[in-house]
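Atoms considered below: every heavy atom in the structure, side chains included; atoms not considered: hydrogens, waters and symmetry mates. Keep in mind the model is a prediction, meaning the values are calculated, not measured. We're numbering straight along the sequence, starting at 1.
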Amino acid sequence: MIQPLKQVRLRRTVGVLLAQPAAARAARMLDRYHWFVLLLFAGAWVGVTAAAARTKPFWHDELFTVLLSRLPSVGEFWTALGQGADLSAPLNTVFTRGVHALFGIGHVTTRIPPLAGTVLMIVAVFVFVRRRAGATMGVAAIAILSYTAAYRYSYEARGYGLMLGFFALALVSWAEAAGGRRRTVHLPLMAVALAAAYWSHYFGLFALAPIAVGETVRAVRRKRPDVTLWTAAIASLVAFVPLLALLHAGQMQASHFWSRAAYSDIRATYAFVFHELFNDRLLLATASALVIAALGRLTLPPVADGCRLPAHEAAAIVACLLLPVIEVTAAMLTTGVFVPRYALPLVIGVALAIPLGISRLAARTTLAQMVFALILALGFITSVYHSVMSPAAPFVSPVDQRPVLISALHEPRPVVVSGGLMFLQLWYYTPPTLRARLWYLADPGEASKYTGADTIDRGLIALAKCTPVTVSDYQSFMTRYPEFYVYTAGSGWLLDKVESEHVVIEKVAAEPGGTLLLTRRGRITTAGAPHGSVGSSAQLR
């Protein structure tokens, strides 16, 4: 009798500890001031990412946004897209154009649209989780997002941030409409958000996937479809019609796109998008919550108001988690084009699934949920604190770190950058008075021959038609300039092609990130190698 009595007392003691009213009071307080909590965490996110954006140079893809947003009219911009100047959907560049009109070009201002899109995602995810599991788990959801690739792409001047925001808004609007809450507001909002997702990124079309899966499950359980909701979702596809002409321009390049879809991309996409998600902090938070939840199941009575997701919402979240599988399969069956970052909305699924799953398992004890959220929130707050307290890093231009390149640009000979991916960044940050001396030689045929992809060359050729970017076709440039410098930065096909034509290649100077070579036509030795050559193109690179 003594041993069972001790066990009963131990269970009661543990139960009292787990049922601490302080945890419940803290959760209620967070819920009462949930808009303030959301503002605090979203503001911290924006502050940290804006600080990172300030010191990050624009890279190749972002510079397409910068340059095309500066075209004189929207009509010229649309024509440029139709000619293949940018393979991305236009909404982010249109918004960037408006931002530039108000605030000018800057490493932060130019990235306002993706930052705004990411904030929209944060708000939508928080609202979704908070309605079902409280503000405590909403905070955990925001912290989870910060460990994924969503953080990095929240300050990249491309359409990913907007796609994330509109994807999340469409999902939340659908869930609210399906739940019968203010359908006259949420159904049109869902349709608009879906349309905006398509215009932010062509793979935003897959925002329909979780909604379609969820509605199918809901229709089976209701034994009838929600005609009004389906109509609103299908009506959003009307917005995709104007994009078909732009997609046609992209389709022309699909066969030689630099990244072809394969089933191996599925695993790579999860690794890329999840980034640092499954770190020690998340594992500690999850393990702590599960241990407390398990003790709660042994010592506390069941609760009737635990987090129970409707089946259609759970199905939609699962569909979000399967986006890499869905998108890679669709890409293989259609265009063959896929890059892991196209499946970024996967982060929305994981930011919903983990907090809601923990809330469901820990329904009997608020303490488990508080511990889970607190560990994650402390990690987020610590990162913000270190970012704020660290000395502000100055912006460093990529060209300022290349004195050999700058010196060569002051000489009579033109300078050609060998790598297409690096050229646009070096051209943009070169002093305007010297830009006309820095070139890229484009030839889609040679690019396909030597690298298997011609996307960069085609894009730069189209961009040069409507902007001052100095791009020339290979043959006419070689005819015009018998001698020129090649600055090796990034990979490309140029050196392989030059070497095949028995052009003399002499090493002039080198610096971190690049080597300066002088190329000139010379006589051929009996061995078949160009006289004066200093080595193969692979060695020079």
Distance-only check: which donor-acceptor pairs under 3.5 Å involve side-chain atoms of residues 420-427, not counting sequence neighbours?
unit_1: Q425; atom_1: NE2; unit_2: F58; atom_2: O; d: 2.9
unit_1: W427; atom_1: NE1; unit_2: T470; atom_2: OG1; d: 3.4

So, the side chain of T65 versus the backbone of A157: is there a donor-acceptor pair under 3.5 Å, distance only? yes
Donor-acceptor pair, T55 side chain versus A52 backbone, under 3.5 Å? yes
Report, as yes or no, whether the 6.0 Å neighbourhood of atom CZ on R182 holds more than 12 heavy atoms from other residues, nucleotides or ligands. no
Salt bridge between R341 and D61, side-chain N to carboxylate O under 4.0 Å? yes
Does the side chain of L68 come within less than 4.5 Å of L71's, by heavy atoms? yes
Quick check: do Y440 and D457 have side-chain heavy atoms less than 4.5 Å from each other? yes
CZ (F395) with more than 12 external heavy atoms under 6.0 Å: yes
Side chain to side chain contact (heavy atoms under 4.5 Å, CB included) assessment of W78 paired with L246: CA-CA 9 Å; W78 193 264; L246 305 183; 3.7 Å; yes
Please check if atom CZ in R181 has more than 12 non-hydrogen atoms from other residues, nucleotides or ligands closer than 6.0 Å. yes
Salt bridge (charged side-chain N to carboxylate O under 4.0 Å, His left out) against R267, all qualifying residues, sequence neighbours excluded: none
Can you find a heavy atom in the side chain of L145 that is under 4.5 Å from one in the side chain of Y151? no
Which class fits the ring pair Y202 and F240: parallel under 30°, tilted 30 to 60°, perpendicular over 60°? perpendicular
For side chain to side chain contact (heavy atoms under 4.5 Å, CB included), just list the numbers for R152 and T49, CA-CA rounded to whole Å, side-chain angles, deciding distance to a tenth of an Å, and then say yes or no. CA-CA 8 Å; R152 169 188 168 187; T49 51; over 6 Å; no
Please determine whether side chain to side chain contact (heavy atoms under 4.5 Å, CB included) holds for the pair Y342 and V337, giving the CA-CA distance in whole Å, both sets of side-chain angles, and the decisive distance to 0.1 Å. CA-CA 10 Å; Y342 293 173; V337 172; 4.3 Å; yes
Option among H186, E313, E215 that satisfies the side-chain hydrogen bond (donor to acceptor under 3.5 Å, both in side chains) test with W174: E215
Which pairs would a plain distance check flag for residues 318-326, meaning a side-chain donor or acceptor within less than 3.5 Å of a matching protein atom at least two apart in sequence or in another chain?
none

Flag side-chain contact, heavy atom, 4.5 Å: M163 against Y198: no
Taking only residues two or more places apart in sequence, or in another chain, which ones meet Y270 in a ring-ring contact (aromatic ring centres under 6.0 Å, His included)? F274
Within a reach of under 6.0 Å around CG of D400, are more than 12 heavy atoms found that belong to other residues, nucleotides or ligands? yes
Is it true that E176 and R132 have a side-chain N and a carboxylate O under 4.0 angstrom from each other? yes
Rounded distance (nearest 0.5 Å) linking atom CG of L162 with atom CG of L115: 10.0 Å
is_close_aromatic(H275, Y147), centroid dist under 6.0 Å: no
Sub-3.5 Å donor-acceptor pair from the side chain of S173 to the main-chain atoms of A170, do we have one? no
Between R54 (side chain only) and A50 (backbone N and O only), is there a donor and an acceptor less than 3.5 Å apart? no
Between L309 and I317, does a side chain to side chain contact (heavy atoms under 4.5 Å, CB included) hold up when you go through it step by step? CA-CA 10 Å; L309 280 182; I317 292 174; 3.8 Å; yes
Can you give me every donor-acceptor pair (side chain of residues 374-388, partner residue at least two apart or in another chain, under 3.5 Å) with its distance?
unit_1: T382; atom_1: OG1; unit_2: L378; atom_2: O; d: 2.6
unit_1: S383; atom_1: OG; unit_2: G379; atom_2: O; d: 3.1

With S88, which residues qualify under side chain to side chain donor-acceptor pair (under 3.5 Å), at least two apart? R158
With distance as the sole criterion, is a donor-acceptor pair present between the side chains of W199 and N92 under 3.5 Å? no
Quick one: CZ on R130 to OG1 on T136, what's the gap to the nearest 0.5 Å? 10.5 Å
